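This structure is a prediction, so every number in the text was calculated from the model and none was measured. Along the sequence shown, residues carry numbers from 1.
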Amino acid sequence: METAKAMIEVTTQVSRKLKQIQKLICDPDLNPLSKPVILYAPYYKDTPDQDIINAGGYVVRTQQDLVNLLRQLGE
């Protein structure tokens, strides 16, 4: 999913999204405007969560957190 200001990856998994997030962050074919990448993952665990953050992405677990982050990014 994409908005004017961000790319959003949605999952119900508890981990294993790091490679996908790294692709969205780094691949100019997938993200030509270098938009911030947000992982919306209600069930994601803390350790994989930190890996996503270290890669340069954001992780949110609730719809309200997603809305708040999008507002911070200028949506």
Legend entry - Inter-residue atom distance Thr11.OG1 - Tyr40.OH, 0.5 Å rounding: 11.5 Å
Inset, instruction - Indicate if Leu73 and Val10 have the same hydrophobic cluster label, given that clusters are the connected sets of ILVMFWY residues with side-chain heavy-atom separations under 4.5 angstrom. - result: yes
Validation: residues 18-28 side-chain donor-acceptor distances under 3.5 Å, sequence neighbours left out:
unit_1: Asp27; atom_1: OD1; unit_2: Asp29; atom_2: N; d: 2.7

Inset, instruction - Group every Ile, Leu, Val, Met, Phe, Trp and Tyr by side-chain heavy-atom contacts under 4.5 Å, then state whether Leu30 and Val37 land in the same group. - result: yes
Inset, instruction - Among Ile52, Val60, Val14, find the residue that satisfies the side chain to side chain contact (heavy atoms under 4.5 Å, CB included) test when tested with Tyr44. - result: Ile52
Legend entry - Inter-residue atom distance Glu9.CD - Met1.CE, 0.5 Å rounding: 10.0 Å
Inset, instruction - First locate atom CD of Gln13, then atom CG of Leu39, and finally report the distance between them rounded to the nearest 0.5 Å. - result: 9.5 Å
Legend entry - For Glu75, all residues meeting side-chain contact (heavy atoms from CB on, under 4.5 Å), sequence neighbours excluded: Thr3, Ala4, Lys5, Leu70
Legend entry - Verdict with supporting geometry, Arg61 and Asp46, salt bridge (Lys or Arg N to Asp or Glu O under 4.0 Å): CA-CA 11 Å; Arg61 289 187 176 80; Asp46 290 336; 3.7 Å; yes
Legend entry - Results of side-chain hydrogen bond (donor to acceptor under 3.5 Å, both in side chains) for Glu2 - residues two or more places apart only: Lys35
Inset, instruction - Indicate whether the side chain of Gln64 and that of Asn68 have a donor and an acceptor atom separated by less than 3.5 Å. - result: yes
Legend entry - Linked, directly or transitively: Leu66 and Tyr58 (ILVMFWY side chains, under 4.5 Å): yes
Inset, instruction - I would like to know whether Gln50 and Asn54 meet side chain to side chain donor-acceptor pair (under 3.5 Å); could you show each step before the answer? - result: CA-CA 6 Å; Gln50 192 58 50; Asn54 291 342; 3.1 Å; yes
Inset, instruction - Working to the nearest 0.5 Å, report the span between CG of Asn31 and CG of Leu33. - result: 7.0 Å
Legend entry - Sub-4.5 Å side-chain heavy-atom contact between Asp65 and Thr62: yes
